[in-house]
Enquirer: 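Questions regarding the structure given below will be posed in turn.
In this text, all values refer to a predicted model and were calculated from it rather than measured experimentally. When reading the values below, keep in mind they use all heavy atoms of this one structure, side chains included, and skip hydrogens, waters and symmetry mates. In this chain, residues are counted from 1 in sequence order.
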Amino acid sequence: MKKIQLTDIHKEKLFQIPLFRDLPLNIKESLLEKLDFIVYAADKKEIVVTQGTPCNKLYVLLEGKLRTDIIDGLGNEVMIEYIIAPRTFATPHLFNPNNTLPATFTALEDSVILMATKDSTFKVISQDPQVLHNFLCIAGNCNICTVSRLKPLSRKTVRERFIVYLFEHKKKDSLIVEITHTQSQLAEYLNVSRPALSKEINKIIKEGLITMEGKRVEILNKAALEKFI
């Protein structure tokens with residue numbers, strides 16, 4: 001990655017992230033003075049930070065898109081999610097006693113990342129109640145995401161894991177699920193083999209419970225699927 005200057009467009013993006021959103025103008029102006037940061041440009045396919053690296057910076061994706069992968073206990077690379085700008089990532093781990101990054105973040109396209117020091121970030125958070133409130137909300141949402149990740153893995157069968165995944169990723173009051181993973185990635189995510197997952201999905205389709213076109217799943221029989229969860 002190479003260092004670049006923070007532009008006015010980058011500043012606008014920075015104040016769109018949940019951590020710094022809806023702040024008074026005077027707070028926004030002082031915030032940039034308090035933050036000790038460097039802005040980097042990352043090329044497509046370039047690794048931004050790797051799993052296990054000490055998390056001693058606030059990471060803000062200002063432009064672009066990142067892929068998040070973890071190495072599980074068996075040494076398998078598992079795709080977790082995509083991060084789309086503008087957004088912070090790995091934020092709750094900044095003040096964790098065992099503050100190492102839980103995943104590897106790779107640029108899927110040319111991206112811009114702001115990295116601010118831990119001390120200056122703490123200063124900003126501790127001095128403004130609104131920023132502190134925003135940070136606590138972000139941490140809470142990350143805990144929800146972790147629970148969502150663990151729910152499928154708590155199930156024994158491939159069918160149960162896939163159905164729980166669908167219900168965890170569908171939007172409220174919708175029967176449509178847009179899957180972000182490829183089938184290979186989804187198999188890794190659910191900790192099952194790809195052939196077993198493909199076979200089970202085909203069975204569910206033949207039973208008339210869902211339809212699937214590419215990565216788009218439509219739930220046809222919600223009540224029947226709910227029996228498995």
Side-chain angles (χ1 to χ4, degrees), residues 1 3-4 6 9-24 27-42 46-72 78-109 111-151 168-169 180 189:
M1 295 191 296
K3 294 181 184 179
I4 61 172
L6 183 73
I9 294 176
H10 294 155
K11 291 178 185 178
E12 290 178 12
K13 297 285 188 181
L14 181 64
F15 293 121
Q16 289 175 18
I17 66 173
L19 184 60
F20 299 139
R21 189 181 297 160
D22 300 326
L23 296 178
I27 299 297
K28 289 181 179 179
E29 292 174 348
S30 64
L31 186 147
L32 286 174
E33 295 176 0
K34 294 174 182 176
L35 273 183
D36 179 11
F37 63 86
I38 298 175
V39 182
Y40 294 94
E46 187 172 6
I47 294 177
V48 177
V49 281
T50 58
Q51 181 176 338
T53 301
C55 185
N56 51 20
K57 292 180 176 63
L58 172 71
Y59 296 98
V60 184
L61 179 65
L62 296 176
E63 293 181 4
K65 185 177 181 180
L66 303 181
R67 169 176 159 150
T68 307
D69 297 277
I70 64 168
I71 304 298
D72 66 17
V78 181
M79 199 283 281
I80 299 299
E81 65 170 336
Y82 294 117
I83 297 172
I84 300 173
R87 192 187 134 183
T88 57
F89 56 98
T91 309
H93 299 277
L94 184 58
F95 301 113
N96 189 316
N98 181 26
N99 63 334
T100 57
L101 289 168
T104 293
F105 300 87
T106 306
L108 288 179
E109 58 191 48
S111 302
V112 175
I113 301 97
L114 179 146
M115 299 184 188
T117 64
K118 178 178 178 178
D119 289 343
S120 67
T121 301
F122 179 77
K123 183 177 181 181
V124 168
I125 293 173
S126 62
Q127 290 183 353
D128 186 86
Q130 183 61 48
V131 180
L132 175 59
H133 174 269
N134 292 347
F135 178 82
L136 293 175
C137 288
I138 291 170
N141 287 336
C142 286
N143 287 335
I144 292 172
C145 290
T146 300
V147 172
S148 177
R149 169 75 179 97
L150 293 175
K151 277 185 178 180
E168 286 297 308
H169 288 81
T180 57
Y189 186 89

Enquirer: Give a yes or no answer on whether the side chain of Thr104 reaches the backbone of Gln51 with a donor-acceptor pair at less than 3.5 Å.
Expert: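 A pair under 3.5 Å: yes.
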Enquirer: May I ask you to test the Phe37-Leu32 pair for a side-chain heavy-atom distance under 4.5 Å?
Expert: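 A side-chain contact under 4.5 Å exists here.
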Enquirer: Could you tell me if the side chain of Val49 sits less than 4.5 Å from the side chain of Phe89, heavy atoms only?
Expert: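 With C-beta onward as the side chain, the pair touches.
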Enquirer: Going from OG on Ser120 to CD on Glu33, what distance comes out if it is rounded to the nearest 0.5 angstrom?
Expert: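 Answer rounded to 0.5 Å: 13.0 Å.
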Enquirer: Hey, what do you get for CD1 (Ile83) to CG (Leu61), rounding to the nearest 0.5 Å?
Expert: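 It comes to 7.0 Å.
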Enquirer: What residues, two or more places apart in sequence or in another chain, satisfy side chain to side chain donor-acceptor pair (under 3.5 Å) together with Asp69?
Expert: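 With neighbours one apart ignored, the set is Arg67.
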Enquirer: Nearest heavy-atom pair of Lys3 and Ile38: which atoms, and what distance?
Expert: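 Closest pair (atom of Lys3, atom of Ile38, distance): CG-CG2, 3.8 Å.
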Enquirer: Does some side-chain heavy atom of Ile138 sit less than 4.5 Å from a side-chain heavy atom of Leu19?
Expert: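 Yes, their side chains come closer than 4.5 Å.
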Enquirer: Using 0.5 Å steps for rounding, measure from the CD1 atom of Ile113 to the OG1 atom of Thr88.
Expert: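 It comes to 13.0 Å.
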Enquirer: Indicate yes or no: at least one non-hydrogen side-chain atom of Pro18 is less than 4.5 angstrom from one of Asn134.
Expert: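 Side-chain contact under 4.5 Å: no.
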Enquirer: For Phe20, what residues pass the ring-ring contact (aromatic ring centres under 6.0 Å, His included) criterion, not counting sequence neighbours?
Expert: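 Result, ring-ring contact (aromatic ring centres under 6.0 Å, His included) vs Phe20: none returned.
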Enquirer: Quick one: pull up NZ in Lys28 and CZ in Arg21 and give me the separation to the nearest 0.5 Å.
Expert: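 Output value for this atom pair is 11.0 Å.
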Enquirer: Check each of Val39, Leu6, Ile9 against Val112 using the side chain to side chain contact (heavy atoms under 4.5 Å, CB included) test, and report the only one that passes.
Expert: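 Going through Val39, Leu6, Ile9 one by one, the side chain to side chain contact (heavy atoms under 4.5 Å, CB included) with Val112 is satisfied by Val39 alone.
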Enquirer: Sequence neighbours left out, what passes ring-ring contact (aromatic ring centres under 6.0 Å, His included) with Phe122? Give chain and number order.
Expert: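 Listed in chain order: Phe95.
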Enquirer: If you compare all heavy atoms of Gly64 against all heavy atoms of Ser111, which two are closest, and at what distance to 0.1 Å?
Expert: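 That closest heavy-atom pairing would be CA-OG, 3.5 Å.
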Enquirer: Can you tell me how far the CG atom of Leu94 sits from the OG1 atom of Thr121, to the nearest 0.5 Å?
Expert: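 The distance works out to 5.5 Å.
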Enquirer: I'd like to check Val48 versus Met115 (side-chain heavy atoms, cut-off strictly below 4.5 Å). Are they in contact?
Expert: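 When only atoms from C-beta onward are counted, Met115 and Val48 do touch, with a gap below 4.5 Å.
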Enquirer: Rounded at 0.5 Å granularity, tell me how far NZ in Lys34 sits from CG in Asp119.
Expert: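 Between Lys34 NZ and Asp119 CG, I get 14.5 Å after rounding to 0.5 Å.
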Enquirer: Can you find a heavy atom in the side chain of Leu23 that is under 4.5 Å from one in the side chain of Gln130?
Expert: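 In short, these two side chains touch, coming nearer than 4.5 Å.
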Enquirer: Which heavy atom of Tyr82 sits nearest to which heavy atom of Thr180, and what is that distance?
Expert: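 Closest approach of Tyr82 to Thr180: CE1-O, 3.3 Å.
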Enquirer: Ignoring hydrogens, what is the shortest heavy-atom contact between Ala90 and Phe105? Give both atom names and the distance.
Expert: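 Closest pair (atom of Ala90, atom of Phe105, distance): CB-CZ, 4.3 Å.
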Enquirer: Tell me the closest heavy-atom pair linking Pro86 and Gln16, and the distance in Å.
Expert: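 In terms of heavy atoms, the two residues are closest at CG-OE1, 3.6 Å.
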Enquirer: Find out whether Thr117 and Asn56 are in side-chain contact, i.e. whether some heavy atom of one side chain is under 4.5 Å from a heavy atom of the other.
Expert: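 When only atoms from C-beta onward are counted, Asn56 and Thr117 do not touch, as no gap falls below 4.5 Å.
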Enquirer: Is the shortest heavy-atom distance from the side chain of Leu114 to the side chain of His10 under 4.5 Å?
Expert: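 Result no, sub-4.5 Å side-chain heavy-atom pair not found.
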